[in-house]
Amino acid sequence: MESNVRERSDLDLCIIASSNDLPRLENTLKFIPKVDNIYILENEKSDNGEESLELVHSTGTIHHYLWKWNDTDFHFANARNKVFSLSSNKWVFWMDCDDSLHPSDCEWINNNVPTFADDIGAIMFGCSGSAYFEDCTLDELKDIPGISVDNWGYWSSPTIRILRREIAHWTGRVHEQVLNSIMNSNHKMLISDIMVKHRGYVTTLDTYIKKMERNKKLLEMELKENTNFDTIYMEYLGNTTNSLKGLKELRDKKQTSDSA
């Protein structure tokens, strides 16, 4: 007699999202590895300044929570830690609403996660995508500090995507990091050849400037609050400040030219 009990994968998917992100989530969930649960944490500010967590709906597999936070401004590491805390599984996989995977990579994850040795604490993927502004050319960007024209059309960077839940702890208000928690746990990291496709960097000058202004503010808060910050945050802040200045000058120049 065939069993109706679904085989466990020992893997949960955790996602943080704003209400603006959620419409893109349907495409992301088309190709994901087999997981036991999907936890979606939708973020919005609290009216009364008190943190709360509310289950909006659950289908048995997808659990959609609304998290109202009481930080002065958004804290990416806190949100990532919050959604990870909803899982009680052995392994946690995270994606953003504008990520996607190839079906063969999903198959690799499901075939290999159960076989990882006990000393493996995390798996690193690549992450790549297109990057360009819809309202300016590469020639206009060539003198903007921090913008590499050679890599602007296509970018690629490493990213830790699967972690043992028990050792995963994120830090940083923006550009959140988890590597230190893996190193401090004395676990090893496996580097795979899986590539996540990220669709978030096809944008306009105004949209990108607003995003960088947010990042600059969060980086300044991080450096003010954390006296033991990593030098990487200083580099992030310097690059963001220089790029922001150049992009604003380009935007203003284009607006003046268009109105002439």
Side-chain angles (χ1 to χ4, degrees), residues 2-17 21-42 55-65 76 79-130 155-170 176-179 181-182 185 187-201:
E2 186 176 349
S3 172
N4 291 323
V5 178
R6 187 164 60 92
E7 182 181 354
R8 287 187 58 83
S9 67
D10 290 331
L11 180 68
D12 284 344
L13 172 61
C14 289
I15 296 170
I16 60 174
D21 294 326
L22 290 177
R24 296 183 289 182
L25 186 57
E26 182 178 356
N27 189 60
T28 293
L29 296 181
K30 287 180 180 177
F31 298 106
I32 61 171
K34 181 177 66 179
V35 295
D36 297 321
N37 297 283
I38 300 171
Y39 294 98
I40 302 168
L41 187 69
E42 182 183 353
L55 179 60
V56 180
H57 72 261
S58 177
T59 65
T61 300
I62 298 178
H63 312 280
H64 181 184
Y65 284 84
F76 278 90
R80 197 78 68 186
N81 289 326
K82 176 66 71 172
V83 71
F84 271 41
S85 73
L86 299 174
S87 169
S88 58
N89 222 335
K90 185 176 182 179
W91 293 95
V92 175
F93 173 50
W94 71 268
M95 295 181 75
D96 288 334
C97 290
D98 47 6
D99 288 336
S100 59
L101 280 172
H102 192 277
S104 62
D105 290 333
C106 297
E107 184 178 357
W108 184 95
I109 292 169
N110 286 134
N111 288 339
N112 286 277
V113 167
T115 70
F116 290 146
D118 291 340
D119 62 346
I120 299 296
I123 300 89
M124 179 176 283
F125 296 177
C127 187
S128 67
S130 298
W155 60 272
S156 177
S157 63
T159 174
I160 300 169
R161 290 291 181 142
I162 298 181
L163 304 102
R164 287 188 184 272
R165 181 191 53 80
E166 62 185 21
I167 69 170
H169 180 73
W170 298 83
E176 65 275 20
Q177 305 289 319
V178 75
L179 180 60
S181 73
I182 300 166
S185 73
H187 282 78
K188 297 177 182 177
M189 183 164 59
L190 177 69
I191 300 177
S192 78
D193 60 0
I194 290 177
M195 186 67 72
V196 177
K197 183 178 180 180
H198 185 75
R199 304 184 298 276
Y201 288 99

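Atom set for the values below is all heavy atoms of this structure, side chains included, hydrogens, waters and symmetry mates excluded. The chain is numbered in sequence order, starting from 1.
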Ignoring hydrogens, what is the shortest heavy-atom contact between [X] and [Y]? Give both atom names and the distance.
X    : Y    : result
L55  : H64  : CD1-O, 3.5 Å
F84  : R165 : O-CD, 3.9 Å
D36  : D10  : OD2-N, 2.9 Å
W155 : S130 : NE1-O, 3.6 Å
L22  : A17  : CD2-CB, 3.8 Å
I109 : P33  : CG2-CB, 3.8 Å

Can you label the angle between the F116 ring and the W91 ring as parallel, tilted or perpendicular, going by 30° and 60°?
perpendicular
Which label fits F93 and F125: parallel for a plane angle under 30°, tilted from 30 to 60°, or perpendicular past 60°?
tilted
Strictly distance-based, threshold 3.5 Å: is any side-chain N or O of T115 a donor or acceptor partner for the main-chain N or O of N112?
yes
Check: N110 side chain, K34 main-chain N or O, donor-acceptor pair, under 3.5 Å:
yes
Gap between atom [atom2] of [Y] and atom [atom1] of [X] - 0.5 Å precision:
X    : Y    : atom1 : atom2 : value
H102 : E107 : NE2   : CD    : 10.5 Å
S156 : H198 : OG    : NE2   : 12.5 Å
S100 : R24  : OG    : CZ    : 12.0 Å
F31  : S104 : CZ    : OG    : 11.0 Å
S128 : M195 : OG    : CE    : 4.5 Å
K188 : I182 : NZ    : CD1   : 14.5 Å

Contact check, side chains of [X] and [Y], non-hydrogen atoms, under 4.5 Å:
X    : Y    : result
R199 : T28  : yes
M124 : T159 : no
L101 : M95  : yes
V56  : Y65  : no
D118 : R164 : yes
I15  : L29  : yes

Sort out for me which residue in D21, I16, L25, L13 forms a side chain to side chain contact (heavy atoms under 4.5 Å, CB included) with I40.
L25
Given W94, which of D12, L163, I162, V83 fulfils the side chain to side chain contact (heavy atoms under 4.5 Å, CB included) condition?
L163
Check the pair H187 / I167 against side chain to side chain contact (heavy atoms under 4.5 Å, CB included), numbers first and verdict last.
CA-CA 9 Å; H187 282 78; I167 69 170; 3.9 Å; yes
Basic-acidic side-chain contact under 4.0 Å: R80, D96:
yes
Charged N-O contact under 4.0 Å between D99 and R161
yes
Dump the intermediate steps for side chain to side chain contact (heavy atoms under 4.5 Å, CB included) on H63 and I38, then the final yes or no.
CA-CA 6 Å; H63 312 280; I38 300 171; over 6 Å; no
Does the pair L179 and I160 meet the rule for a side chain to side chain contact (heavy atoms under 4.5 Å, CB included), with working shown?
CA-CA 8 Å; L179 180 60; I160 300 169; 4.1 Å; yes
